[in-house]
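Down below is the structure, laid out as structure tokens.
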Amino acid sequence: MQDWPLLVHKVLDHAATYAATREIVTRGIEGPIRRTNWATIHQRSKTLAKVLAKRGIKPADRVATLAWNSERHLESWYGITGAGGVYHTLNPRLFPEQLVYIVNHAEDRMIFVDLTFIPILEKLQAQLSTVETYVVLTDAAHMPATSLKNAIAYEELLKEADADFAWVELDEKDACGLCYTSGTTGNPKGVLYSHRSNVIHAMAILSADGFGLSNADTVLPIVPMFHANAWSLSFSAPMTGAKMVMPGAKLDGESVYNLLEDEQITMSAAVPTVWLMLLQHMEANNLKLSTLKRVAIGGSACPPSMIEKFEVNYGVEVMHAWGMTEMSPVGTLGSLLAKDRKLPFAEQLKIKSKQGRPLFSVEMKITDDEGAELPRDGKTFGHLVVRGPAVSSGYFKGEGGNILDADGFFDTGDVAMLDADGYMQITDRSKDVIKSGGEWISSIDIENIAVGHPAVAIAAVIGVAHPKWDERPLLIVQLKPGADASKEDLLKFLEGKIAKWWMPDDVAFVEAVPVGATGKIQKLTLRETFKGHVLPTAGSAAAE
Ligand code: ADP
């Protein structure tokens, strides 16, 4: 067979040739909706690649983006990689010190920035020693006065060349993209995707058991391109030439709802907190969905109550997804096996609440502390380890040393169960597991049930020190605006739904549960806040 390197710009060539007029729609930061198509995106990406090459961007040079999802952001990725460079996504929700660390560590030569984020970079630029040029993702008419070094509007930059450019020749194993994990502890670490890993991952996710995309789909990636490679949608959608709709900066329930209806979206992907806002908006205004068929939900556990609402109230299929930056990022997706499609909904809901089955190319097992494989029996918990062509083999510049075991498996840092059918269920991050009397309690299970209480907006469960049991669960709750519930109400709601010894020893109410840069509950912060919390059960136990 021929040696046809798996390069991401071949995906764009394909979309431009076979879906030339299929649209890409963007809710612009400047306000109005913009419309373009795959042929134009292709031409403009080629133009950008030519400009970057003329400006001295060489293969493997890193060019960063600090931007919302837009057609210009998409062109930037393809233009950068087409010049042989590496797109490096910066997450604007990170702390300024983390951004400085990441840009310097990556040695970014240019940063493409949205209007919204100019103030962040103006404050930091004195510390960003490798950045030579800032490109503002707008046109001359909207270009603000800025102190950013060599600042130029994106549309002006494109005027520096035409589209007559041959993509730079590369090996499929050459670097393509760079994304840092948010690093809840220690410095963020870079995951460097190759062209090959991005293409293989996108092909794997396209199957009907994955995102199941076709040219007839209209895809709304709400998951930002600055987080975890946008769950591959920037590559998998153009592989089919689907229509794409880029939401820009507005991710609130009303804005998302309007896009879903106005653009007739059929598939979308986002973290649970985004879907929560949409569901609340639709419930408050008695709205329905007319075209949406499937949503992928992941990044943190999707509560069963959310799956049920989508499927029963709105007729939308939920694909619960699990993955991580180190896995390109999707590892498992919750499509049902043939035999389970005949089950009553209540039984299916139990399965769909698990994190799904591995995509092709993801090998997966659970192990004990010594690395020995544990049974796939649906009840044993263990460390979830993975291997595959789209799984990281180490961090950028070797940070963190060797991250693989002797057989080449990467420890995800998650604790999970696998069942005989291959469904995987995350029970916790390994650092969040609650260890009570030598046994493990899954915080995610309790949270999933608690959030089903009508008054609860967000629920978090952490382990708090206990004199007898080492740790016991504390349920921390953020109520919905205007809603009311007591500690007793919530405990009663949990009763019978979880094992007795998993019942939280106490409930604490907070104004806002802290949520991090990628939509995850910040357990570290909660553990700090509640470090001295004395459980009502602690006194009696200490006296025993
Ligand atoms: P970060 O947000 O830390 O930069 P990732 O987005 O890569 O990094 O986060 C990956 C982690 O998110 C996983 O290891 C897992 O703990 C958690 N996660 C992702 N999807 C799910 C899910 N569906 N259910 C539970 N946890 C999830």
Side-chain angles (χ1 to χ4, degrees), residues 184-185 272 299-304 322 324 353-355 366-370 374 377-385 411-418 424-453 456 458-478 487-488 490-510 513-516 520-542 544:
T184 30
T185 52
S300 47
C302 176
W322 164 89
M324 61 199 316
S353 302
K354 299 186 175 191
Q355 275 73 4
I366 48 171
T367 68
D368 64 17
D369 287 342
E370 278 69 50
L374 292 169
D377 60 8
K379 50 181 201 269
T380 310
F381 305 5
H383 302 284
L384 183 63
V385 301
D411 186 343
T412 62
D414 285 327
V415 174
M417 292 186 279
L418 288 170
M424 184 274 284
Q425 184 176 359
I426 299 280
T427 53
D428 253 312
R429 293 291 283 165
S430 51
K431 52 186 187 297
D432 296 333
V433 200
I434 301 163
K435 292 182 182 123
S436 171
E439 299 282 344
W440 288 0
I441 295 177
S442 158
S443 63
I444 294 183
D445 267 3
I446 309 175
E447 288 160 7
N448 271 344
I449 297 168
V451 87
H453 187 285
V456 175
I458 308 182
V461 177
I462 58 167
V464 172
H466 189 279
K468 183 168 177 195
W469 302 108
D470 289 336
E471 278 185 340
R472 289 292 303 156
L474 166 69
L475 170 63
I476 300 162
V477 166
Q478 174 186 329
K487 168 180 164 178
E488 289 69 32
L490 294 172
L491 291 178
K492 198 145 189 255
F493 185 76
L494 292 177
E495 242 169 47
K497 300 190 177 87
I498 53 174
K500 259 209 177 100
W501 65 279
W502 282 29
M503 284 294 284
D505 283 24
D506 202 2
V507 182
F509 294 90
V510 292
V513 168
V515 176
K520 295 184 192 10
I521 295 173
Q522 293 199 302
K523 298 244 172 129
L524 203 66
T525 314
L526 285 175
R527 277 198 295 268
E528 273 301 308
T529 313
F530 287 93
K531 202 163 58 189
H533 187 86
V534 181
L535 294 169
T537 50
S540 54
E544 272 175 33

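Positions are given from 1 along the sequence. None of the values given here were measured: they were computed from a predicted structure.
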When rounded to the nearest 0.5 angstrom, what distance separates [atom1] in [X] from [atom2] in [Y]?
| X | Y | atom1 | atom2 | result |
| --- | --- | --- | --- | --- |
| Lys431 | Leu524 | NZ | CG | 8.0 Å |
| Gln522 | Thr529 | CD | OG1 | 10.0 Å |
| Leu384 | Met424 | CG | CE | 5.0 Å |
| Ile476 | Phe530 | CD1 | CZ | 4.5 Å |
| Leu491 | Met503 | CG | CE | 5.0 Å |
| Asp368 | Thr380 | CG | OG1 | 11.0 Å |

Heavy atoms only: give me the nearest [X]-[Y] pair and the separation to one decimal.
| X | Y | result |
| --- | --- | --- |
| Pro473 | Ile446 | CB-CD1, 4.5 Å |
| Pro514 | Leu526 | CD-CD2, 3.6 Å |
| Gly299 | Lys520 | O-NZ, 2.9 Å |
| Ile434 | Ser443 | CD1-CB, 4.1 Å |
| Pro272 | Ala301 | CG-O, 3.7 Å |
| Val477 | Val507 | CG2-CG1, 4.3 Å |

Quiz item: Just by distance, do the side chain of Thr427 and the backbone of Ser442 share a donor-acceptor pair under 3.5 Å?
Solution: no
Quiz prompt | Check: Asp428 side chain, Ser430 main-chain N or O, donor-acceptor pair, under 3.5 Å | solution = no
Exercise. Determine the interplanar angle of the Trp469 and His466 rings, folded into 0 to 90°, and report it as parallel if under 30°, tilted if 30 to 60°, perpendicular if over 60°.
Key: tilted
Exercise. Look at the aromatic rings of His383 and Trp440 and report parallel, tilted or perpendicular, splitting at 30° and 60°.
Key: perpendicular
Practice problem: Pick out which of Leu418, Val415, Val385 makes a side-chain contact (heavy atoms from CB on, under 4.5 Å) with Ile366. | Solution: Leu418
Quiz item: For Ile441 and Trp501, what are the C-alpha separation, side-chain angles and deciding distance, and is it a side-chain contact (heavy atoms from CB on, under 4.5 Å)?
Solution: CA-CA 9 Å; Ile441 295 177; Trp501 65 279; 3.4 Å; yes
Quiz item: Does the side-chain contact (heavy atoms from CB on, under 4.5 Å) test come out yes or no for Trp322 and Asp414, once each step is laid out?
Solution: CA-CA 11 Å; Trp322 164 89; Asp414 285 327; 2.9 Å; yes
Quiz item: Could you walk me through whether Lys487 and Leu475 pass the side-chain contact (heavy atoms from CB on, under 4.5 Å) check?
Solution: CA-CA 9 Å; Lys487 168 180 164 178; Leu475 170 63; over 6 Å; no
Exercise. Sorted by first residue and then second, give each salt bridge (charged side-chain N to carboxylate O under 4.0 Å, His left out) pair with at least one member in residues 433-445; sequence neighbours left out.
Key: none
Quiz prompt | Of all pairs that satisfy salt bridge (charged side-chain N to carboxylate O under 4.0 Å, His left out), the ones with a partner from residues 494-504, not counting sequence neighbours | solution = none
Quiz item: Thinking salt bridges, do Lys523 and Glu447 make one under a 4.0 Å N-O criterion?
Solution: yes
Quiz item: Is Arg472 salt-bridged to Asp506, cutoff N-O under 4.0 Å?
Solution: no
Could you check if a side-chain atom of [X] sits within less than 4.5 angstrom of a side-chain atom of [Y], using non-hydrogen atoms only?
| X | Y | answer |
| --- | --- | --- |
| Arg527 | Asp432 | yes |
| Ile444 | Ser353 | no |
| Gln355 | Gln425 | yes |
| Ser436 | Trp502 | no |

